[in-house]
**Student:** 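I have a structure I would like to understand better, so I am pasting it below and will then ask my questions one at a time.
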Amino acid sequence: LLQEQSSNSPNSMIGCFKTAISACDKCGASDATLALKDQLRTIISVGEVEPDEINNNRAVELQSLNQEISVDAPIGKMGTRLKPMGILPKSQGGREARSIVSPIAFDGTLSLNSVVIETGRTHQIRVHMASVLGCPLAGDRTYNRDDPIQRAERCMLHARELTLPHPTTGAMLTITCPPPPDFAALAETIRDASVQ
C-alpha cells in the first residue's frame, strides 16, 4: 500500500499531525496520541510553523507514527459515481469497518504501509486511508481526485496475502502473491529513501 502526501510544507505537516491525533484518539491509541502531540509541540516550538496556521490542513504524515494505527469507521454507499463509498454512520446505512495501518517506510512524500483489514467492505482501505487518515493512495483517482500529485499510473494497492475459509471444507487457506513490478519498484524506491 502506497500513500501519497500532497504537500511537503510545514503547514501541511501540522494538518497531518492534527488528523493523526484525532484518528488515534478515536481509536483509543493513547500512546500514539501522546507521541504525536509531543512531536506537534516540538514543531511549533522550533518555529517551523505559526500556531495560528494549525487548522488549515488535513493529510497525515505516517512517517511520524512508528506503530499501528487502528481505524474503526463505518463505510457505506455514497450514491455518487465520483465517490462510490465513504464514511457513513451506521444509522444511515454504514457498515462496520476496521483496518489496522502499519507504516513501513516514508521517503518524505510517499509512505509504504501494511494494512490488515478485520472486515471486508468495498474500497475499505482506500476509504479509510483517504477519508479517515487523510492519506489517499498514490494513483487513486477515485478517492484522491483533487490532488494534482499523481505518482503512479494506477492505484498503488496490492493484496500480498489473503486468508479465507475453503468454500467446501472450511479449512483456512492462506494465499500469497508478490507485488507486480510497478508496485515493487515504487516500494523499493520508498524504502531506499526512507527517513526512518
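In what follows, residues are counted from 1 in the order of the sequence shown.
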**Student:** Ignoring hydrogens, what is the shortest heavy-atom contact between P84 and Y143? Give both atom names and the distance.
**Tutor:**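 Shortest heavy-atom separation between P84 and Y143 comes out as CG-OH, 3.5 Å.
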**Student:** Nearest 0.5 Å, what's the CD1-CD1 distance between I100 and I69?
**Tutor:**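 Rounded to the nearest 0.5 Å, the CD1-CD1 separation comes out at 11.0 Å.
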**Student:** Minimum heavy-atom separation for D140 and N144, please, with both atom names.
**Tutor:**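 For D140 versus N144, the nearest heavy atoms are O-CB, 2.8 Å.
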**Student:** For R95, does the CZ atom sit with more than 12 other heavy atoms under 6.0 Å from it, leaving out its own atoms?
**Tutor:**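 At most 12 heavy atoms, drawn from other residues, nucleotides or ligands, come within 6.0 Å of this atom.
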**Student:** Determine, stepwise, if the pair I117 / V115 fulfils side chain to side chain contact (heavy atoms under 4.5 Å, CB included).
**Tutor:** CA-CA 6 Å; I117 56 173; V115 179; 4.2 Å; yes
**Student:** Pair L164, I175 - check side chain to side chain contact (heavy atoms under 4.5 Å, CB included), show working.
**Tutor:** CA-CA 8 Å; L164 59 151; I175 302 165; 4.1 Å; yes
**Student:** Under 3.5 Å, is there a donor-acceptor pair between the side chain of Q124 and the main chain of R98?
**Tutor:**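 Looks like yes, one N/O pair under 3.5 Å.
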**Student:** Do you know which two heavy atoms are closest between P180 and R154, and how far apart they sit?
**Tutor:**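 Heavy-atom minimum between the residues: CG-NH2, 3.2 Å.
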**Student:** Answer yes if L133 and L88 sit in the same cluster of Ile, Leu, Val, Met, Phe, Trp and Tyr residues linked by side chain heavy atoms under 4.5 Å apart, and no otherwise.
**Tutor:**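 Result: no, two separate clusters.
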**Student:** Return yes if some donor-acceptor pair links the side-chain N/O of R121 with the main-chain N/O of E96 below 3.5 Å, else return no.
**Tutor:**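 Yes; at least one donor-acceptor contact below 3.5 Å.
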**Student:** Tell me, with the steps shown, if N113 and M129 meet side chain to side chain contact (heavy atoms under 4.5 Å, CB included).
**Tutor:** CA-CA 10 Å; N113 305 285; M129 293 298 290; 4.1 Å; yes
**Student:** Is any side-chain heavy atom of K83 less than 4.5 Å from a side-chain heavy atom of T142?
**Tutor:**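 They are not in side-chain contact.
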**Student:** I'd like to know if the side chain of T176 and the backbone of E161 have a donor-acceptor N/O pair within less than 3.5 Å.
**Tutor:**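 Checking the backbone N and O of E161 against the side chain of T176, no donor-acceptor pair under 3.5 Å is found.
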**Student:** What are the two closest heavy atoms between R160 and S114, and how far apart are they?
**Tutor:**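 For R160 versus S114, the nearest heavy atoms are NH2-OG, 4.1 Å.
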**Student:** Using the side chain to side chain contact (heavy atoms under 4.5 Å, CB included) rule, take H166 and T168 through it: C-alpha gap first, then chi angles, then the decisive distance, then the call.
**Tutor:** CA-CA 6 Å; H166 187 279; T168 56; 2.8 Å; yes
**Student:** Ignoring hydrogens and angles, tell me if any N or O in the side chain of H123 forms a donor-acceptor pair with the backbone of I75 under 3.5 Å.
**Tutor:**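 Such a contact is absent between H123 side chain and I75 backbone.
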**Student:** Can you tell me how far apart CD1 (I125) and OG (S99) are? Round to the nearest 0.5 Å.
**Tutor:**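 Separation between the atoms: 6.0 Å.
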**Student:** Once you round to the nearest 0.5 Å, how far does CG of L137 lie from SG of C155?
**Tutor:**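 Rounded to the nearest 0.5 Å, the CG-SG separation comes to 4.5 Å.
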**Student:** Looking only at heavy atoms, what is the nearest atom pair of A73 and H128, with distance?
**Tutor:**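 Residues A73 and H128, closest heavy atoms: O-NE2, 2.9 Å.
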**Student:** Taking all non-hydrogen atoms of both residues into account, name the closest pair between G170 and P165 and its distance.
**Tutor:**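 Heavy atoms of G170 and P165 come nearest at O-CB, 3.9 Å.
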**Student:** Determine the sole option in L112, L110, L186 for which the side-chain contact (heavy atoms from CB on, under 4.5 Å) test with M156 is passed.
**Tutor:**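 Exactly one option meets the side-chain contact (heavy atoms from CB on, under 4.5 Å) with M156, and it is L186.
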